[in-house]
2 protein chains.
Amino acid sequence: MATRSTGRTDVTRSAILARLGALGPASRADLARALNVSPALMTQLTRELLSDGLLQELEHSPSQGGRPARMLGLVSSAGRAIGVKVVADHVAFVEVGIDGTVLRSASEPFDASTTTVLTDLASLLRRFIAGGRDIPLLGIGVGVPGSVDRQGNGVVESTQLGWHQVPLGSTLRRELKLPVLVENNVNALAVAERLYGLGRNHENFLVVTIGTGVGAGVVVDGVVLRGFAGGAGEIGHIPVAEDGPLCSCGNHGCLESLVGQGPLVEIARGGGIISKSGGIAALRAAADADDDGAAEIFSHAGHLLGRALAGIVHTLDPEIVIILGEGTASWKHWSYGFEPAFRSALVPSRRGVAVEVETWQDESWAQGAAALVMATPFDSVDIAGDQGRLVRERLVEQSAPQLRGAP
Amino acid sequence: MATRSTGRTDVTRSAILARLGALGPASRADLARALNVSPALMTQLTRELLSDGLLQELEHSPSQGGRPARMLGLVSSAGRAIGVKVVADHVAFVEVGIDGTVLRSASEPFDASTTTVLTDLASLLRRFIAGGRDIPLLGIGVGVPGSVDRQGNGVVESTQLGWHQVPLGSTLRRELKLPVLVENNVNALAVAERLYGLGRNHENFLVVTIGTGVGAGVVVDGVVLRGFAGGAGEIGHIPVAEDGPLCSCGNHGCLESLVGQGPLVEIARGGGIISKSGGIAALRAAADADDDGAAEIFSHAGHLLGRALAGIVHTLDPEIVIILGEGTASWKHWSYGFEPAFRSALVPSRRGVAVEVETWQDESWAQGAAALVMATPFDSVDIAGDQGRLVRERLVEQSAPQLRGAP
DNA sequence: TAAAGTTATTTTAGTTCTAAACAAAGTAGT
DNA sequence: ACTACTTTGTTTAGAACTAAAATAACTTTA
């Protein structure tokens, strides 16, 4: 059906801001091309944003053969966002600037299984917010391991947290009086990747995370694919072995039950490769030290992941696959199994699909959640709904209280 | 990025026509809601279409508690389309009315491997077109077993036909002077399903075909997912068995090499279940006659398909899975293996996903191809590009040569 | 160094759509 | 019958865009 061209609040206006934030200064002509609008409109919108004090004109860029471009840059104090990573035993916060850079971060112990989870989380968040700079706070992004009905609604279903239809979004919104966007953590990462990472240059890509579990974020035509109930990307439960080990979901032989961090450590302990108390770090250390058994464990995991991803690549035809997550620290070892299995299981015409492994940081999950907020202006499909509109309004209104609508 | 709200030719105007064609008469208010535009615009557009002679006002529908709705219906002579199914040894044509009903059909022997394929096809098409009624021919839809760069472009890559970057679209367009839309055959089927079938009521679904090969069409938010190079949905080559039989793609153990019609027949012959010259019909007959071996072959295929589809459902989270293709004639036998394997491999929260098997007809492939033409008005994402615009123009202009622009 | 070609930005005159107010044509309660 | 309430359809003013032409500010070529 025809998408209603909103009209309500201006989408393009703030898409300009988000783009400049994400990619740095650009000319009006660049922006018009990138956002797929006419130069005429760009002139008009940037005029308003300049007079609102959200943009500034910078130096000229050297001529490309014609009139040199006048670069436009963001006034960096235009906004900030907070990203939250929620897992069973702790929460992590980051505060990011409008360009996605981390300004502050913190981590707090937390119990997701109490009856007071939501108010607990709100208090922790309030405390973190209080420490922030005096820049308009555009909103809160929350990444959870589980599925979310709609970003702007924020009802969470998560076996990992033991949450069943928990109204995380509405509660935080009420408690904090701020726009709140809730999303599956891997999808949030995909949004961040699209905005700040390799996904900037690709409209169709796959983000795959390896770590405790295995997950995927699917970006199609520049937009994160959520599926019918927000559950797309749960590749950790693809059936792999007919009679494999028991998975947390209750089935046997899921991908995650074979290549997740827990199972790998289990195998290593059983095989005497690491001590009974050793963890994934010990296993990686063993592999790094050329222990054949350890290498084989990673390599076999890579093999299984490679075959599973080949299936997904056939299904979705992405341009590039981006590997992320805590597990990437051992990617070198995974890759021995992954590359041959993955490539050889692909149809010849797909065999060249790019696989990139990005460096992983502790804050990456929370940073991804924050990207949800910064991405809302891009949100032409209106994934974030009402909350997206609020973010946009805060961005435009708070930054320029002195102008517009003053008597 | 913000989608350019085309503006060029009117999309909504013909979305009205397509909707009325697909779903029958509706009121202005209904249409406005369905197409997500304002009532005001609907008044304006329908006024034009009425005066153009494309629509007609019908009786009032009984009041729903307020002013009774004035129904609008399509003037059925507004247009027709032709759909073509191309396979290695023959082509099939159908002519459909604006509501998707088949008016005429034909099948011709054909050799896809000659050097004159394209002109041969054009001649056959010309002959078929000539037999049609005197109603505006909106365009030609072609379904091919392979991937297509862009519908409106129509460059085909198909191992099955032995075609490498064949410019099918542009050639037919030049030869026939008509809008031509080319698409992978399963994707075309998904479009038809969205327009006329079960997909009408679902924005996220999966069309799976079983027959010679296995394929899938993925519909996300109402739009067919094509992927980076138009190759999405090639689930026939998902790796299933580590050391399975050789597949036509050159790899071993692809889903298709295990559950395709050819392999099933092979196994049945080898097991003495059918004669050395028996085909799939014989195998089905054996299963129908309670031959345990035959039943087991189908059941095992169902088992493998079920596990593979479970993986895809986890990846895409569709609301419903629609099974189509020649193979559905034996679905009863497949289902014994399919249902338990599929359900038990799904995460509990997904276990209820609906699986529907629709009746299959010989012309279904070609009918799907024709739907490409009828769907272009819906094409808010502009998949069909230039050719879509041409279809729209033909629909509006040819039907009302007597009005508009007359001196 | 003047003419030609490029690229960037602005102006102008629409087009397409929406929101909001209104008019039309009913049903249901009193 | 009279009023209140619903739903449909229309009118009007205005917002958001676009295309095309005009203008600006260079580089390149002859």
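A, B, ... follow the sequence lines: proteins, then strands. Residue 1 opens every chain.
With sequence neighbours left out, the salt bridge (Lys or Arg N to Asp or Glu O under 4.0 Å) criterion links Arg67(B) to no other residue. Scanning for salt bridge (Lys or Arg N to Asp or Glu O under 4.0 Å) contacts around Arg33(A) gives Asp30(A), with sequence neighbours left out. Residues that satisfy the salt bridge (Lys or Arg N to Asp or Glu O under 4.0 Å) test with Glu175(B), not counting sequence neighbours, are Arg126(B).
Across Gly368(B) and Ala192(B), no two heavy atoms sit closer than the pair CA-CB, 3.7 Å.
Not one N or O on the side chain of Asp221(A) forms a donor-acceptor pair closer than 3.5 Å with the backbone of Glu203(A). Under the 3.5 Å distance criterion, the side-chain polar atoms of Arg80(B) are left unmatched by any main-chain donor or acceptor of Val96(B). Judged purely by atom type and a 3.5 angstrom limit, Glu183(B) has no side-chain atom pairing as donor or acceptor with the backbone of Ala188(B). Checking side-chain atoms of Arg70(B) against main-chain N and O of Leu58(B) turns up a donor-acceptor pair under 3.5 Å. A donor-acceptor pair is defined here as one N or O able to donate and one able to accept, closer than 3.5 Å; such a pair exists between the side chain of Arg173(B) and the backbone of Val180(B). The backbone N or O of Leu198(B) sits less than 3.5 Å from a side-chain atom of Glu193(B), completing a donor-acceptor pair. Between the side chain of Asp149(A) and the backbone N or O of Val155(A), at least one donor-acceptor pair lies under 3.5 Å.
Less than 4.0 Å separates DNA chain C from at least one heavy atom of each of the following residues of residues 55-66 of chain A: Gln64(A), Gly65(A), Gly66(A).
For the pair Leu45(A) CG and dC17(D) C1', the computed distance is 9 Å after rounding to whole Å. For Met42(A) and dA8(C), the CE to P distance is 13 Å, given to the nearest whole Å. Note: CE (Met71(B)) to C1' (dT8(D)) measures 12 Å, nearest angstrom. The CD-C1' distance, from Gln44(A) to dA15(D), rounds to 10 Å in whole Å. Taking atom CG of Leu72(B) as the reference point, atom C1' of dT10(D) lies 14 Å away to the nearest angstrom. Note: CZ (Arg33(A)) to P (dA19(D)) measures 15 Å, nearest angstrom. Rounded to whole Å, the distance from CG on Leu41(B) to C1' on dA13(D) is 16 Å.
Nearest nucleotide to the Ala69(B) side chain, out of dG9(D), dA25(D), dT10(C): dG9(D). Of the candidate nucleotides dT10(D), dC17(C), dT9(C), dT9(C) has the atom nearest to the side chain of Ser27(A). Side-chain proximity of Thr43(B) to dT11(D), dT9(C), dT18(D): nearest is dT11(D).
Here Arg28(A) reaches the OP1 or OP2 of dT10(C): one of its side-chain N or O atoms lies under 4.0 Å away.
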In sequence, state the C-alpha distance, the side-chain angles, and the governing distance for Leu74(A) and Leu55(A), and then conclude on side-chain contact (heavy atoms from CB on, under 4.5 Å).
-> CA-CA 5 Å; Leu74(A) 217 53; Leu55(A) 295 188; 3.7 Å; yes

Its dot-bracket string being built from Watson-Crick and G-U pairs below 3.5 Å, with | for another strand and [ ] for crossing, DNA chain C has the pattern ||||||||||||||||||||||||||||||

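Comparing Arg47(A) and Pro39(B) along DNA chain C, the residue whose closest nucleotide (by nearest heavy atom) sits nearer the 5' end is Arg47(A).
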Could I get a table of every N or O pair under 3.5 Å where one atom is in the protein and the other is in nucleotides 20-23 of chain C?
none

